[in-house]
Amino acid sequence: MRFERETTVIANRDKEWGCAAAAAMENLEPVTSMENIPRGWSGDKKYKITAADGTKYLLRITPKETSGSLDDDSLGRREYTKQQHMFQIQQSVAVLGVPMCRPVACGRCGQGFYDIQTWVEGRDAEEVIPLLSDAEQYACGLEAGRILKVIHSVPAPEEQPDWETRFNAKMDRKIQMYHQCSLKFDGADDLIAYIEANRSLLKGRPQCFQHGDYHIGNMMIEKDKLVIIDFDRYDFGDPWEEFNRIVWCAQCSPLFASGMVNGYFDGDVPMEFWKLLALYISSNMLSSVAWAVSFGEEEIQTMRKQAQDVLNWYDHMKNPVPSWYSRGYYLQYMDGLPYKMKAPFDFGFVQEYGKVFKVYDDQDSGNICFGVCGERKSGPVLLPENKGERYFVKFAGAPTERYEGEPGEAVERLKDTLPIYRDLRHPSLIELVDVREAAGGFAMVFKWAEGDCMGRMYPAQHQRFMNMPLEDRLQVFRDVAVFLEYVNSRGYVAIDFYDGSVLYDPDGQGEPAAPDRNAESTRRGRTTICDIDFFSKKPYFNTMGRMWGSSSFMSPEEFTLGAEIDEITNVYTAGAFAFALFGGYRREAGTWTLGQASFEVARRAVSEDRGSRQQSLRQLLQEWEAALEL
């Protein structure tokens with residue numbers, strides 16, 4: 001057999017499964033490497049195998065002990081027939097254009113049954129999606145729902161038994177399983193009561209092909225696209241029952257779960273669906289703890305928590321629509337990127353500056369921002385030499401999703417920021433290069449600043465930011481404090497200044513944060529300050545009560561009508577940044593990652609009593625540097 005020589009290295013490392021790989025690849029290329037994939041709940045053996053031509057595949061082997069005898073007895077024949085049927089069904093689904101692990105080959109080998117699928121070179125969706133923007137999470141959910149709708153277009157066999165009879169029997173088994181299990185959980189009686197009161201919903205339900213385990217844990221992101229994996233639990237049944245695993249999605253990303261439902265129903269979700277889904281989830285939850293017993297205490301606790309989450313979402317089964325559900329957003333796309341709006345809006349002018357590679361739509365100010373790379377041949381009207389340049393375009397005048405005011409008010413506010421950016425030009429401040437009226441609104445164009453944003457509204461960037469080495473975070477704090485000192489020296493006071501206003505590029509080049517410290521030799525990356533729209537000239541007094549800003553960075557006077565907002569206020573702001581950077585946003589000694597002396601300096605800066613704070617940013621910086629030397 002032509003595989004004997006090529007698979008020797010594999011057979012030496014894992015003789016039994018290496019031979020299986022060789023047998024499985026008989027009609028393909030010789031196998032040159034095989035890597036075990038120690039994941040999953042099925043008991044199947046899974047491997048990433050590489051053929052001589054470099055093509056990668058997923059090899060899945062169902063062992064003898066779980067598939068039955070491989071002799072010509074009825075059990076072995078049934079299992080082999082089932083696997084062949086699954087292979088054929090997967091081929092049918094793949095033909096429909098579903099992004100998935102595509103079936104390549106299947107058959108018997110000495111260790112059981114095998115099937116080979118195309119390899120997905122991506123990342124687990126459950127790891128990637130929670131770190132995306134709200135619009136991106138929701139857009140992924142919409143896509144997952146639309147994909148599921150296509151999967152459900154494959155019909156069930158005509159001889160398929162009646163669904164009402166089948167599922168009633170299944171629920172009876174699960175109720176019995178719960179009663180026979182020694183482990184109980186609070187609220188199970190509510191699940192059982194809901195089941196008994198809603199069995200009639202099963203009558204007349206249609207049936208189709210089901211993936212069998214459709215949730216975020218069986219999805220991957222490859223080249224920014226969703227790919228569906230693990231069809232091995234396929235079945236035929238009510239298409240709406242397929243949503244019973246959505247609890248895993250909702251725990252990971254409620255927006256993804258909401259998008260999945262809305263995408264499936266094209267935004268028009270019937271109440272009957274919610275009632276049936278609650279029935280299917282109730283049935284699943286009853287047997288979940290008993291199922292987890294064989295996997296150990298950790299899985300038992302996972303399922304207990306999931307049961308409590310479900311009961312909370314459904315108000316102990318009093319409300320069929322779960323609390324995690326959102327009707328979602330109106331999404332627009334530019335250069336393939338989703339962003340949320342209240343209504344359609346033409347942003348065509350943005351593309352005059354180049355190709356959009358990033359959208360920042362999670363603002364409550366009425367602004368929406370775009371990262372643009374100057375790639376278009378036409379170039380912008382006002383920036384003709386833009387090939388390869390990157391810009392940050394801030395625009396007001398569109399019906400952005402989070403903004404509650406009138407677009408015209410946002411336009412006037414943005415125009416009012418022009419003198420602020422001009423007066424406060426600074427090495428750490430993002431550089432303004434152009435302004436223009438467009439699409440009935442107003443746009444400001446800045447040079448693009450590299451780096452990750454500290455703001456928690458961008459989870460992936462925030463995570464990278466907070467995981468930076470300590471010295472980088474110390475550099476950020478110095479830069480922020482020095483910039484605030486500069487702002488006050490120019491006769492301004494910082495308002496609505498928070499973590500979302502700060503970016504850091506560890507590989508960037510910046511000016512020394514504190515020139516009098518001879519910092520040139522120790523200078524690390526570059527901090528960029530952006531979004532200073534609400535900075536105001538002094539003297540300034542609180543005319544609102546609760547002012548603009550993130551409460552984590554706001555002083556007591558920013559909540560007090562008539563209070564003066566001044567440099568001592570910005571001392572508090574700087575202290576809040578210290579606790580965010582070195583205390584995980586908590587103002588406790590137990591979470592502080594620096595020494596006790598610096599903790600005391602920061603704690604003094606965020607005193608409720610203005611008189612107890614450092615009385616200037618220069619004093620704060622001096623005390624801070626002295627504390628770090630101890």
Side-chain angles (χ1 to χ4, degrees), residues 129 132-146 250 253-269 321-353 356-372 392-417 436-445 453 455-459 496 498 500-501 530-531 533-534 544 546-550:
I129 287 176
L132 301 178
S133 70
D134 287 356
E136 290 168 327
Q137 291 185 47
Y138 184 65
C140 284
L142 289 174
E143 183 64 13
R146 292 166 183 153
S253 167
L255 280 172
F256 176 84
S258 299
M260 191 167 134
V261 174
N262 293 338
Y264 188 89
F265 289 102
D266 198 20
D268 187 16
V269 187
V321 181
S323 60
W324 53 257
Y325 174 68
S326 165
R327 293 184 181 275
Y329 314 113
Y330 173 79
L331 292 185
Q332 288 191 183
Y333 292 80
M334 191 178 300
D335 291 321
L337 298 177
Y339 53 97
K340 53 185 187 286
M341 300 289 293
K342 282 194 174 88
F345 191 84
D346 184 2
F347 287 102
F349 79 92
V350 174
Q351 294 179 310
E352 295 176 17
Y353 292 91
V356 174
F357 62 86
K358 185 69 178 177
V359 182
Y360 297 92
D361 60 352
D362 199 27
Q363 316 293 322
D364 60 6
S365 62
N367 300 327
I368 185 169
C369 306
F370 302 88
V372 185
F392 180 81
V393 181
K394 177 185 283 190
F395 179 79
T400 56
E401 201 278 332
R402 287 193 60 199
Y403 180 52
E404 298 298 331
E406 293 295 325
E409 296 173 358
V411 170
E412 292 307 312
R413 276 197 303 273
L414 188 58
K415 287 182 176 180
D416 289 343
T417 68
R436 66 180 291 190
E437 305 223 4
F442 185 70
M444 297 175 69
V445 184
C453 181
R456 287 167 289 181
M457 72 286 289
Y458 306 113
D496 190 23
Y498 66 114
S501 307
C530 61
D531 195 11
D533 296 10
F534 288 93
M544 301 172 61
R546 203 275 189 208
M547 295 178 62
W548 297 95
S550 166

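Bear in mind the structure is a predicted one, so any value in this text is a computation, not a measurement.
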Reference residue Y339; test side chain to side chain contact (heavy atoms under 4.5 Å, CB included); the match among E136, E401, K358, M334
M334
What class does the angle between the rings of Y329 and Y138 fall in, given that below 30° is parallel, 30 to 60° is tilted and above 60° is perpendicular?
perpendicular
D416 CG: over 12 foreign heavy atoms closer than 6.0 Å
yes
Reference residue F395; test ring-ring contact (aromatic ring centres under 6.0 Å, His included); the match among F370, F349, F442:
F349
Report the distance from atom CD1 of I129 to atom CG of L255, rounding to the nearest 0.5 Å.
11.0 Å
Enumerate the salt bridge (charged side-chain N to carboxylate O under 4.0 Å, His left out) contacts for residues 336-345, please, sequence neighbours excluded, ordered by first and then second residue.
K340-D361, K340-D362
Answer with yes or no after comparing the ring centroid distance for Y360 and Y458 against a 6.0 Å cut-off, counting only values under it.
yes
Answer yes or no: is there a side-chain heavy-atom contact under 4.5 Å between D533 and N367?
yes
Measuring from atom CG of L331 to atom CE of M341, what distance do you get when rounded to the nearest 0.5 angstrom?
11.0 Å
Check against side-chain contact (heavy atoms from CB on, under 4.5 Å), E437 and V411
CA-CA 10 Å; E437 305 223 4; V411 170; over 6 Å; no
How close do S253 and Q137 get, heavy atom to heavy atom, and via which atoms?
OG-OE1, 2.5 Å
Using a 3.5 Å distance criterion without hydrogens, assess whether the side chain of R413 forms a donor-acceptor pair with backbone atoms of S365.
yes
Atom pair CG/CD of L414 and E412 - distance to nearest 0.5 Å
10.0 Å
C530 side chain near K394 side chain, heavy-atom distance below 4.5 Å
no
Distance from Y264 atom OH to L142 atom CG, nearest 0.5 Å?
15.0 Å
Between CH2 on residue W548 and OH on residue Y498, distance to nearest 0.5 Å
11.5 Å
Minimal heavy-atom distance between R146 and G263, with the atoms involved, is CG-O, 3.6 Å
So which atom in Y403 and which in A410 form the shortest heavy-atom distance, rounded to 0.1 Å?
OH-N, 3.6 Å
Using side-chain hydrogen bond (donor to acceptor under 3.5 Å, both in side chains), reason through Y325 and N262 one step at a time and then give a plain yes or no.
CA-CA 10 Å; Y325 174 68; N262 293 338; 2.5 Å; yes
Report yes if some heavy atom in the side chain of F347 is under 4.5 Å from a heavy atom in the side chain of V356; otherwise report no.
no
Between G549 and D496, the two heavy atoms sitting closest are CA-OD1, 3.0 Å
Identify the heavy atoms of G397 and F345 that sit nearest to each other, and give their distance.
O-CE1, 3.7 Å
Do you know the tightest heavy-atom contact between C453 and G500?
SG-O, 3.6 Å
Can you tell me how far the CE atom of M260 sits from the CZ atom of F265, to the nearest 0.5 Å?
10.5 Å
